[in-house]
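Report on the structure given below.
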Amino acid sequence: MTKNAAKPVRMPMDREPARATPVAFLHTVLQCYEQYGKDPEKALEYAQITPSDRANPQGLMTALQMERLSVFAMQELDDEALGWLSRPMRWGSYGFLARATLSAPNLRIALRRWCRHHGLLTDDLHLQLDERAGLAQVTVHERQLACADRRRLGLMTLLRNIHGFSCWLLDSQIRLTQVDLPFEAPDYAAQVAVMFPARICYQAERASLQFDVNYLDMPVRRDEAALNLMLQRALLVVVKPYRRDRLMQQRVRQLLANAKPGQTYTAESLAQALHVSVRSLHRFLQEDGMSLQKIKDEVHCEKAMQLLLRTSYPVKKVAASVGFDNAKSFTRAFTRWVGVSPSLYRQSGGKCGVNMG
């Protein structure tokens with residue numbers, strides 16, 4: 001969300017017939033307009049929301065309508081929290097948070113910065129990142145409770161913002177394992193399940209989301225140019241789910257690197273260990289510009305280089321340790337990977353040859 005925009009950016013109404021956003025969210029935004037004593041008609045016109053859309057409180061609207069409504073309202077009312085908090089969160093606040101996290105080396109540092117800097121924007125909330133039992137958890141501690149409708153929308157939007165922006169930072173889907181929401185299941189619980197594809201626990205003590213802790217070690221992949229482009233339609237990271245999952249590559253590498261001597265992995269055995277189909281495994285890797293064979297080569301190469309430099313194993317034993325039947329085929333493969341033979345690589349202390357890829 002750019003701080004300098006004086007008027008809402010005019011976005012085309014893309015062809016998006018699917019309606020999965022509760023009209024209840026619309027009525028919550030209208031409550032905010034009423035709170036500020038302003039007329040919402042321009043926002044409704046901009047989002048192309050008709051009187052018939054408004055008439056059915058149990059109805060649905062498109063994600064794009066919600067995006068356009070929200071971005072117009074946030075700018076017109078100068079409140080990105082849409083009346084949820086005790087004082088407005090001025091337009092550009094979340095852009096500030098995004099810039100504060102961009103230079104982080106990995107998601108762990110990025111989320112710690114996000115949580116810390118969020119406290120500069122409001123005293124009503126305290127965000128906390130914890131790691132335990134293989135899971136990362138971001139928790140929202142509320143110091144002041146708003147009215148029920150605005151609180152529900154505010155908490156869900158905040159969690160979607162944290163999740164969506166984290167996915168964007170990594171250019172990777174982050175698979176949620178559990179989402180806690182501190183209110184009763186609403187009438188639109190089916191749509192909440194679409195927003196948060198994970199186990200949802202209602203009437204929890206606090207709002208939070210959990211995911212595999214290994215995502216925290218993944219590097220931030222975005223730069224200033226990418227951020228400026230994203231901020232032109234920042235709410236897309238909230239309303240659109242991320243598809244690509246880069247953690248799959250990391251998990252494959254981990255399994256291959258931890259293989260026991262003599263243990264070999266096929267696509268079938270890897271897929272079984274990762275609880276996905278073989279087709280899905282190949283698709284995940286292809287989306288990341290990677291192949292299973294290339295990952296195997298890189299893992300075997302790294303392991304072979306370490307054994308050559310740190311042990312006195314003969315080449316034949318090194319070959320067996322990385323899954324080759326004989327030293328001759330290993331030598332051919334190693335020379336192709338590094339540019340020199342295993343013996344020459346060892347003699348040079350690792351200074352000769354170039355690591356693959």
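It should be emphasised that the depicted structure is a prediction, and the values quoted were computed from it without experimental measurement. Values reported hereafter were calculated over all heavy atoms of this structure, with side chains retained and with hydrogens, waters and symmetry mates removed.
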Check: Y188 ring centre within less than 6.0 Å of F25 ring centre: yes

Any donor-acceptor N/O pair, K42 side chain to F72 backbone, under 3.5 Å: no

D53 vs M61, side chain to side chain contact (heavy atoms under 4.5 Å, CB included): CA-CA, chis, key distance, verdict: CA-CA 7 Å; D53 290 330; M61 56 185 178; 5.7 Å; no

Validation row: M156, F196 side chains within 4.5 angstrom (heavy atoms): yes

Non-hydrogen side-chain atoms of M290 and R253 separated by less than 4.5 Å: yes

Between OG1 on residue T331 and CG on residue L344, distance to nearest 0.5 Å: 12.0 Å

Nearest-0.5 Å distance, NZ of residue K38 to OH of residue Y33: 8.0 Å

Between S341 and S343: side-chain donor-acceptor atoms closer than 3.5 Å: no

Aromatic ring pairing F96/H117, orientation class (parallel under 30°, perpendicular over 60°, tilted between): perpendicular

Check: R68 side chain, Y46 main-chain N or O, donor-acceptor pair, under 3.5 Å: yes

Partners meeting side-chain hydrogen bond (donor to acceptor under 3.5 Å, both in side chains) with R206 (sequence neighbours left out): H141

Residue pair I109 / V220, side-chain heavy-atom distance below 4.5 Å: no

N/O donor-acceptor pair under 3.5 Å between T157 side chain and G154 backbone: no

Verdict with reasoning, R54 to E41, per salt bridge (charged side-chain N to carboxylate O under 4.0 Å, His left out): CA-CA 12 Å; R54 298 172 57 178; E41 288 307 315; 3.4 Å; yes

CG-CZ distance between N106 and R221, expressed to the nearest 0.5 angstrom: 12.5 Å

Side-chain donor-acceptor contact under 3.5 Å, Q272 with E268: no

Other residues, nucleotides, ligands: >12 heavy atoms within 6.0 Å of D187 CG: no

Closest approach of C301 to W337 (non-hydrogen atoms, all atoms of both residues): CB-CE3, 3.4 Å

Side-chain (D180) to main-chain (A207) donor-acceptor, under 3.5 angstrom: no

Interatomic spacing from CE in M66 to CG in L153 - rounded to 0.5 Å: 5.0 Å

Heavy-atom side-chain proximity of V340 to S348 below 4.5 angstrom: no

Donor-acceptor contact present, side-chain Y215 to main-chain R175, <3.5 Å: yes

Side-chain heavy-atom pair L181, L159 within 4.5 angstrom cut-off: yes

D149 side chain to T28 backbone, donor-acceptor under 3.5 Å: no

Sidechain-backbone polar pair: T101 side chain, R113 backbone, donor-acceptor under 3.5 Å: no

Side-chain donor or acceptor of Q249 paired with backbone N/O of L285 under 3.5 Å: no

Positive for side-chain hydrogen bond (donor to acceptor under 3.5 Å, both in side chains) with D297, one of Q293, H300, K294: Q293

Heavy-atom neighbours of Q306 CD exceed 12 at 6.0 Å: yes

4.5 Å side-chain heavy-atom contact, V318 and P342: no

Point-to-point distance, once rounded to the nearest 0.5 Å, from OH of Y265 to CG of L255: 4.5 Å

Donor-acceptor contact present, side-chain N214 to main-chain D217, <3.5 Å: no

Cationic N near anionic O, under 4.0 Å, E67 to R160: no

More than 12 heavy atoms from other groups under 6.0 Å of CD on E224: yes

F165 vs L111 side-chain heavy atoms within contact, under 4.5 Å: no

I162 vs W114 side-chain heavy atoms within contact, under 4.5 Å: yes

Side-chain donor/acceptor of H126 to backbone N/O of G119, under 3.5 Å: no

